[in-house]
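Right, one structure below, let's go through it.
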Amino acid sequence: MLIILGLVILFTPFTPGSWIALIGLSLLDFPGKRRLVAKLKATGFYMRRIAPVEERIRKKLKKRNII
């Protein structure tokens, strides 16, 4: 559902459709998922936009002893 919603929102202005689609993909379990994630992490978009957010979330969770 998140993937479909993300793809629909992707074409509307000022919405984070790509983020929603990526979250939906991350929740699925499908063949080739690890390879796809590795390719996405190698992109500049991931390093500029997603990696800093991911690091902040990890720090917050670590402070709360969740991970």
Side-chain angles (χ1 to χ4, degrees):
M1 187 68 184
L2 285 174
I3 296 170
I4 295 169
L5 179 65
L7 292 174
V8 169
I9 292 175
L10 187 63
F11 297 105
T12 59
F14 308 112
T15 55
S18 59
W19 287 75
I20 294 171
L22 288 174
I23 291 169
L25 280 174
S26 70
L27 295 174
L28 287 177
D29 188 29
F30 57 92
K33 177 182 172 184
R34 290 177 192 250
R35 191 170 50 242
L36 177 63
V37 169
K39 285 181 182 180
L40 288 174
K41 284 186 173 185
T43 64
F45 173 77
Y46 177 85
M47 294 308 293
R48 285 189 314 265
R49 301 288 182 154
I50 298 172
V53 174
E54 184 179 25
E55 186 61 31
R56 278 186 274 161
I57 291 170
R58 285 183 189 201
K59 284 181 182 179
K60 285 182 181 181
L61 294 175
K62 192 172 182 179
K63 282 183 182 179
R64 296 179 182 165
N65 293 324
I66 295 174
I67 58 169

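Taking the side chain to side chain contact (heavy atoms under 4.5 Å, CB included) definition, one finds that Lys33 meets it with Phe30, Val37, sequence neighbours left out.
If you take CG on Leu61 and NZ on Lys59, they are separated by 12.5 Å, rounding to the nearest 0.5 Å.
Sorted by first and then second residue, the pairs that involve residues 35-46 and meet side-chain hydrogen bond (donor to acceptor under 3.5 Å, both in side chains), not counting sequence neighbours, are Tyr46-Glu54.
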